[in-house]
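Indexing begins at 1, ligand by ligand and atom by atom, following the structure's order.
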Amino acid sequence: MYSRIAGTGRCLPERVLTNHDLERMVATSDEWIRERTGIERRHIAAPGETTADLAEKAARRALEAAGVTAADVDFLVVGTTTPDVVFPNVGCLLQDRLGIHGCAAFSIEAACSSFVYALSVADRFVAAGQARCALVIGAETLSRIVDWTDRTTCVLFGDGAGAVVLQPSAEPGILSCHLGADGRYKDLLYFPYGVSRRPEDAGHGEGAFLQMKGNEVFKVAVKTLEGIVQEALDANRLDCSAVDWLIPHQANLRIIQATAKRLGMPMERVVLTLQDHGNTSAASVPMALDVAIRDGRIRRGDLLLLEAFGGGFTWGASLVRY
Ligand code: UT7
């Protein structure tokens with residue numbers, strides 16, 4: 001038994017913030033942002049609009065695409081690092097909004113890798129016959145923890161949500177998932193406090209904002225992603241030439257180009273969406289997947305390679321027969 005992607009959906013908040021808008025906020029330029037990152041615009045949640053709001057819209061679209069109703073869902077997992085509240089988890093909030101009760105509902109917090117982590121857990125439940133309709137989501141409102149006066153981070157991030165419905169199948173769907181993490185890198189990309197660690201315990205000058213040593217993250221990301229995509233291919237005894245589409249985490253165009261080059265994949269076979277919404281953390285992979293499925297690039301039977309890398313550090317990859 002395999003789990004198979006039955007439908008996908010996505011949601012971006014309405015408000016768009018362009019590189020030119022940012023030129024008026026910090027000492028940056030459209031040229032710098034496009035050249036160094038590939039990003040052109042990002043979407044920002046409206047005041048009061050939360051991660052669960054975006055997750056709900058993406059979820060409803062995925063359910064519709066899969067031809068199922070919320071009542072069919074028997075497993076719900078949300079990858080997010082920007083939950084509405086500490087608890088109940090976003091899975092429970094979403095479960096309530098969808099009017100379904102009783103099934104497992106939880107969130108997974110692994111920064112930008114949260115969706116790939118969530119997908120791997122849902123895949124195991126579906127493939128083991130313990131779930132028949134799993135809703136897997138990556139949703140974030142990173143704009144809430146970005147310092148809008150810090151040009152080294154504020155130009156990079158945006159808000160959004162992507163969703164996938166997994167169902168059992170005798171035919172191959174998700175072939176394998178590969179996860180990794182290394183907490184030694186905890187100081188390169190982090191948010192300085194939460195509940196147990198209070199604001200007054202945060203380091204001098206950290207503030208209530210996401211902190212990143214971008215240059216150092218970049219180097220480890222490129223190297224680690226090379227390793228994890230190769231691990232996924234080796235585990236399935238597949239060569240990169242078998243992969244139809246690379247669906248990478250959308251953090252930086254240069255990181256994506258490096259992974260594609262390592263795989264020997266032309267950029268035409270890489271789904272790129274970061275120009276339209278920047279780094280949306282856990283939402284980036286499922287949103288890119290949804291874009292390319294809905295515009296007809298990805299077709300049934302195509303082999304997809306999903307990958308992500310983020311704070312922790314955490315990382316993951318998955319080979320999927322769509
Ligand atoms: O999703 C989780 C994982 N996260 C990532 O993968 C992010 C990884 N890192 C990156 O994407 C890149 O490192 C950044 C896009 C964050 C930065 O690009 P970079 O090529 O590594 O630039 P840099 O940090 O080495 O900075 C180069 C210069 C610096 O100026 P000096 O010291 O050379 O005078 C920065 O101060 O660019 C300057 N700079 C900017 N200039 C204009 C940094 N941010 C900006 C900005 N506009 N927004």
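- For the 3.5 Å distance criterion, the side chains of Ser284 and Gln250 fail to qualify, holding no donor opposite an acceptor.
- Each of Ala27, Thr28, Trp32, Arg36, Thr37, Cys112, Arg151, Thr152, Val155, Leu156, Leu189, Met212, Gly214, Asn215, Val217, Phe218, His249, Ala251, Asn252, Arg254, Ile255, Asn279, Phe309, Gly310 has a non-hydrogen atom positioned under 4.0 Å from some atom of ligand 1.
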Might you work through the salt bridge (Lys or Arg N to Asp or Glu O under 4.0 Å) test for Asp21 and Arg24, ending with a clear yes or no? CA-CA 6 Å; Asp21 294 330; Arg24 291 189 283 276; 2.8 Å; yes

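- Ion pairing of Arg60 with Glu64 is absent here, as no side-chain N (NZ or NE/NH1/NH2) approaches a carboxylate O to less than 4.0 Å.
- A salt bridge does not link Asp53 with Lys57: none of the charged nitrogens is closer than 4.0 Å to a carboxylate oxygen.
- Looking at Thr141, Ile137, Thr80 one by one, the single match for side chain to side chain contact (heavy atoms under 4.5 Å, CB included) with Leu54 turns out to be Thr141.
- Ring geometry for Phe313 against Tyr185 counts as parallel: the plane angle stays under 30°, on a 0 to 90° scale with 60° as the upper cut.
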